[in-house]
Engineer: 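Handing you a structure now.
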Amino acid sequence: MELYGRSFASRLMLGTAQYPSPAILAEAVTASGAGIVTVSLRREAGIERAGEAFWSLIRDLGVAVLPNTAGCHSVREAVTTAKMAREVFGTSWIKLEVIGEADTLQPDLFGLVEAARILTEDGFDVLPYTTEDLVAAERLLEAGCRVLMPWGAPIGSARGLNNVYGLRAMRAHFPDVPLIVDAGIGLPSHAAAAMELGYDGILLNTAVARAGDPAAMARAFAQAIEAGRLGFEAGPMEARDMAAPSTPVFGKAALA
């Protein structure tokens, strides 16, 4: 998987929130084989420096860090958070979220495009959390984004791929743009289905963090993503409405 000029052996990206403990988080990241983890910037008291232990844990995992603007509901908030994250984490990469609706956590596509343009002009490599809307995708690319991250379903819903048609259309419309399915994936089979559509990768968090055994679930997702990608690259047969015999009838013995 290639993103902004960097290559990664794994097509799985893993979030770092909601895990029962830092140790379980570390086990899950290791089991997943993920080369990228997402980290959200949170305000903390300067005296307590509560985030240092967490940041040290992430560094020790030896993976690339993708800061995100999770929880931001305006362009100004997202841009400010991105700039703070660049200073804290020392990277120009940012997963851009501008939330527009509280119940579904659907992105504000208008604000997302505006924030993406501001950040790319400021030197950021933006990975926007978006929907499968093709017009919004075009605007994001025009704003300077070179990767798109459409949702599968609302964040944390575990519903899988709500709009397979839309996701398939996005893949066909942007054949050369790296596409990562982000949000709503609940089962390894959901991830495999997305990869079979030709997507380049999957970003997960809740489905692994909230599992009974996060490390085992992370491993299951890694294997499903690999299987789905191999299936796509192998060239799957087209679905058909009528049956087709798998055993040829030509040359079959005829009984009088």
Side-chain angles (χ1 to χ4, degrees), residues 1-17 25-26 28-29 32-43 51-52 54-72 74-99 107-109 111-131 136-137 139-151 155 174 176-183 185 199-205 208-209 225:
M1 181 172 65
E2 293 190 4
L3 306 173
Y4 284 108
R6 297 179 63 178
S7 297
F8 300 91
S10 173
R11 295 180 180 274
L12 170 59
M13 303 162 70
L14 203 61
T16 56
L25 164 62
V29 173
S32 73
I36 302 173
V37 298
T38 61
V39 178
S40 61
L41 185 66
R42 287 291 179 266
R43 298 174 181 85
E52 281 196 354
F54 175 77
W55 182 218
S56 177
L57 169 67
I58 297 300
R59 286 198 302 262
D60 290 344
L61 291 173
V63 293
V65 173
L66 174 61
N68 67 47
T69 62
C72 292
S74 69
V75 173
R76 180 179 180 183
E77 186 180 13
V79 170
T80 300
T81 300
K83 291 181 178 180
M84 293 171 63
R86 180 167 58 182
E87 296 300 320
V88 171
F89 299 112
T91 177
S92 62
W93 280 34
I94 192 73
K95 181 198 167 191
L96 180 61
E97 296 184 25
V98 183
I99 301 301
D108 173 357
L109 299 180
L112 183 67
V113 171
E114 182 181 350
R117 181 173 290 107
I118 293 170
L119 292 173
T120 55
E121 289 176 353
D122 194 29
F124 281 87
D125 294 327
V126 179
L127 294 85
Y129 163 61
T130 183
T131 68
R139 298 294 182 268
L140 287 167
L141 295 175
E142 290 171 2
C145 299
R146 291 162 52 193
V147 177
L148 298 174
M149 302 184 75
W151 66 350
I155 294 172
F174 303 107
D176 300 320
V177 177
L179 301 178
I180 311 293
V181 171
D182 173 19
I185 299 295
Y199 276 72
D200 296 278
I202 305 289
L203 173 57
L204 300 165
N205 191 163
V208 172
I225 289 169

Engineer: Looking at V29, N205, T38, which hits side-chain contact (heavy atoms from CB on, under 4.5 Å) with L14?
Structural biologist: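 The single option meeting the side-chain contact (heavy atoms from CB on, under 4.5 Å) with L14 is V29.
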Engineer: What are the two closest non-hydrogen atoms of S40 and N68, and how far apart are they?
Structural biologist: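 Answer, listing the atom of S40 first, then N68: CB-OD1, 3.1 Å.
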Engineer: Test your reading of the model: is there a side-chain donor-acceptor pair from D200 to the backbone of I180, 3.5 Å cut-off?
Structural biologist: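 Not a single qualifying donor-acceptor pair exists.
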Engineer: Rounded at 0.5 Å granularity, tell me how far OG in S56 sits from CG in L61.
Structural biologist: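 Here the interatomic distance stands at 9.5 Å.
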Engineer: Hey, could you give me the CZ/CD distance between R146 and E2, rounded to the nearest 0.5 Å?
Structural biologist: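 If I round to the nearest 0.5 Å, the distance is 10.5 Å.
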Engineer: Between atom CZ of R6 and atom CE of M1, what is the distance when rounded to the nearest 0.5 Å?
Structural biologist: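 Between R6 CZ and M1 CE, I get 10.5 Å after rounding to 0.5 Å.
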Engineer: Which pair of non-hydrogen atoms, one from A137 and one from L148, has the smallest distance, and what is that distance?
Structural biologist: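 In terms of heavy atoms, the two residues are closest at CB-CD1, 3.7 Å.
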Engineer: Considering only heavy atoms from C-beta outward, does the side chain of L96 approach that of F124 to under 4.5 Å?
Structural biologist: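 No; the side chains remain at least 4.5 Å from each other.
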Engineer: What closest approach, in Å, do A136 and T130 show between heavy atoms, and which atom pair accounts for it?
Structural biologist: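 The pair with the smallest heavy-atom distance is CB-OG1, 4.5 Å.
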Engineer: Measure the OH-CG distance between Y129 and L140 for me, rounded to the nearest 0.5 Å.
Structural biologist: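 Going from the OH atom of Y129 to the CG atom of L140 covers 13.0 Å.
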Engineer: What's the verdict on side-chain contact (heavy atoms from CB on, under 4.5 Å) for Y4 and L127, showing C-alpha distance, side-chain angles and the deciding distance?
Structural biologist: CA-CA 10 Å; Y4 284 108; L127 294 85; 3.9 Å; yes
Engineer: Looking only at heavy atoms, which two atoms of G123 and S92 are closest? And how far apart?
Structural biologist: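 Closest heavy-atom pair between G123 and S92: O-CB, 3.7 Å.
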Engineer: Answer whether the closest heavy-atom distance between the side chains of R11 and I202 falls below 4.5 Å.
Structural biologist: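 Result no, sub-4.5 Å side-chain heavy-atom pair not found.
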Engineer: Quick one: closest heavy-atom pair of L3 and P178, and the distance?
Structural biologist: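 The pair with the smallest heavy-atom distance is CD2-CB, 3.7 Å.
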Engineer: Please tell me if the side chains of L203 and K95 come closer than 4.5 Å, counting only heavy atoms from C-beta onward.
Structural biologist: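 Contact flag for L203/K95 side chains = yes.
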Engineer: State the OG1-CG distance between T131 and D108, to the nearest 0.5 angstrom.
Structural biologist: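 One gets 11.0 Å once the value is rounded to the nearest 0.5 Å.
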Engineer: When you measure from the side chain of T81 to the backbone of T69, do you find a donor-acceptor pair of N or O atoms at a distance under 3.5 Å?
Structural biologist: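 It does not hold such a pair.
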Engineer: Going from CD1 on I36 to CG on L12, what distance comes out if it is rounded to the nearest 0.5 angstrom?
Structural biologist: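 CG of L12 is found 9.5 Å from CD1 of I36.
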Engineer: A85 and P67: which non-hydrogen atoms are nearest, and at how many Å?
Structural biologist: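 That closest heavy-atom pairing would be CB-CB, 3.7 Å.
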